[in-house]
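First the structure, in the form of structure tokens, and then the observations on it.
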Amino acid sequence: MYINEILDNGGITTSFEVFPPKNNAPFEPVLKSVEKLSLLKPDFISVTYGAGGGTSQNTPKIASYIQNELHTPSMAHLTCASSTKEEIDAILSQLRDIGVDNILALRGDLPENYNPDDSNYYRYASQLVERILDFGGFSVGAACYPEGHVESKNTHEDLIHLKEKVDCGAQYLVTQMFFDNSALYSFLYRALKVGIDVPVIAGIMPVMNPNQIKRSCALSGATLPSRFKIMLDKFSDDPVSLQQAGIAYATEQIIDLIANGVNGIHIYTMNKPEVAGAIMNNLSSIL
Ligand code: FAD
């Protein structure tokens with residue numbers, strides 16, 4: 001089922017992100033995680049993409065398993081910075097053959113010795129969006145950054161490029177993680193002002209590992225509100241308490257988002273169904 005059609009229904013949607021096994025890591029634990037996640041009845045599950053080698057092949061496999069064995073709509077992430085246009089077409093054929101209907105079109109991180117003028121590669125995600133739609137058979141989403149993408153000079157310039165991505169056909173947007181809802185509300189207001197009117201799905205990361213959150217935020221530029229920092233500091237040496245506090249924080253964030261009319265909630269599960277399950281349980285009367 002196409003995600004743009006699910007979103008068109010207008011109700012609240014919940015979805016999960018998982019990552020596939022890295023290189024030669026076993027599939028079994030990831031398959032077990034997605035089985036448990038699909039029992040929580042999300043509207044879809046997305047599978048991240050690690051460019052290069054065997055890792056990139058693991059995304060279609062997991063996405064196909066979710067779609068065809070678990071009968072939950074799946075979305076495969078796909079990045080273009082380190083695959084040639086020819087390689088991208090081969091992956092699109094593969095995804096279409098295995099019945100994965102939805103793609104999150106991304107540029108990905110720039111590889112070392114990246115040459116922006118090499119015409120064998122798509123330079124921006126907007127070009128990948130165009131190619132996927134031209135190829136046919138997919139619903140296409142793209143990434144957005146409530147606090148601006150790290151490489152852009154300022155948030156307005158980033159919004160203008162985001163508008164181009166939507167004009168190229170991105171049917172919905174999934175946000176980078178954020179921990180202060182006001183960053184999202186401000187982004188939604190500014191996005192609407194420049195004419196971005198597609199659904200925006202809010203990406204929520206329940207904190208489970210303080211170092212990983214600090215690393216991701218340093219890389220992505222997401223700000224940590226002081227309330228959140230205090231929680232991290234207090235429980236950073238106590239993983240069980242931190243997980244409980246992280247679940248509570250994510251739950252509060254989601255309740256506030258839904259109360260303010262944000263209908264799409266995407267949980268970065270880090271392949272932990274127990275965390276996604278606890279959040280869904282906290283929201284059982286709301287969803
Ligand atoms: P783009 O939309 O191409 O933007 C990249 C930069 O270029 C931005 O600064 C933008 O403002 C600028 N730009 C765009 N168009 C133009 C233009 N015409 N002229 C000048 N500048 C322009 N990475 C992975 O490797 N695998 C994943 O599975 C993955 N999943 C993700 C899921 C989500 C929800 C998000 C938010 C990010 C994900 N990423 C993933 C990270 C993503 O690949 C990086 O953030 C990457 O640096 C940018 O990708 P993009 O698709 O947003 O790029």
Side-chain angles (χ1 to χ4, degrees), residues 3 15-22 30 44-53 55-63 74-83 88 91 95 100 102-112 114 116-117 121-132 140-179 183-184 187 190-191 194 196 198-205 215-222 264-271:
I3 289 173
S15 51
F16 302 143
E17 180 190 277
V18 297
F19 53 82
K22 294 201 169 61
V30 181
F44 67 91
I45 298 178
S46 82
V47 187
T48 63
Y49 189 80
T55 305
S56 61
Q57 272 308 308
N58 293 345
T59 300
K61 283 188 200 159
I62 300 289
S74 70
M75 171 165 78
H77 296 204
L78 177 61
T79 66
C80 60
S82 37
S83 299
I88 291 287
I91 299 167
L95 289 172
V100 173
N102 304 290
I103 300 181
L104 190 69
L106 300 147
R107 187 199 67 185
D109 292 330
L110 299 177
E112 274 175 39
Y114 170 75
D117 299 321
Y121 291 80
Y122 299 109
R123 182 164 178 185
Y124 297 113
S126 53
Q127 296 164 328
L128 179 61
V129 168
E130 265 184 334
R131 175 62 194 140
I132 298 170
V140 185
C144 66
Y145 304 83
E147 297 174 79
H149 183 256
V150 272
E151 288 167 35
S152 54
K153 277 197 227 111
N154 55 58
T155 49
H156 183 69
E157 186 192 271
D158 198 37
L159 261 188
I160 297 305
H161 294 313
L162 183 61
K163 171 78 164 77
E164 287 161 13
K165 202 153 60 170
V166 171
D167 289 343
C168 284
Q171 294 161 318
Y172 48 92
L173 301 169
V174 184
T175 77
Q176 185 176 57
M177 62 182 168
F178 56 92
F179 300 98
L184 183 78
F187 167 79
R190 287 179 289 112
V194 298
I196 296 172
V198 295
V200 176
I201 301 174
I204 299 295
M205 170 76 90
R215 216 174 25 248
S216 314
C217 289
L219 285 174
S220 68
I265 305 293
H266 191 61
I267 301 175
Y268 295 117
T269 72
M270 304 301 289
N271 294 10

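Worth saying up front: this structure is predicted, and the values here are computed from it rather than measured. Ligands are counted one by one from 1 in listed order, and the atoms in each one are counted from 1 as well.
Taking every non-hydrogen atom of Q176 and a distance limit under 4.0 Å, the qualifying atoms of ligand 1 come out as 36 (C). Here is the list of ligand 1 atoms found below 4.0 Å of a heavy atom in D109: 47 (O). Near V174, with a cut-off below 4.0 Å to any heavy atom, the atoms of ligand 1 are 34 (C). Less than 4.0 angstrom separates some heavy atom of D158 from each of these atoms of ligand 1: 8 (C), 9 (O), 10 (C), 11 (O).
Regarding atom 51 (O) of ligand 1, its nearest protein heavy-atom neighbour is R107 N, 2.8 Å. Of all protein heavy atoms, the one closest to atom 9 (O) of ligand 1 is H149 ND1, 2.8 Å. Ranking protein heavy atoms by distance to atom 18 (N) of ligand 1, first place goes to E164 OE1, 3.3 Å.
Note: no N/O pair closer than 3.5 Å links L106 and ligand 1 by distance alone.
Looking at H266, K165, H161, it is H161 that brings a heavy atom closest to atom 21 (N) of ligand 1. Looking at Y122, Y145, Y49, F19, it is Y145 that brings a heavy atom closest to atom 50 (P) of ligand 1.
Here L104 has side-chain heavy atoms under 4.0 Å from ligand 1, and that is the only part of it that gets that close.
Within 6.0 Å of atom NE2 in H156, 12 or fewer heavy atoms from other residues, nucleotides or ligands are found, so the atom counts as exposed in its surroundings.
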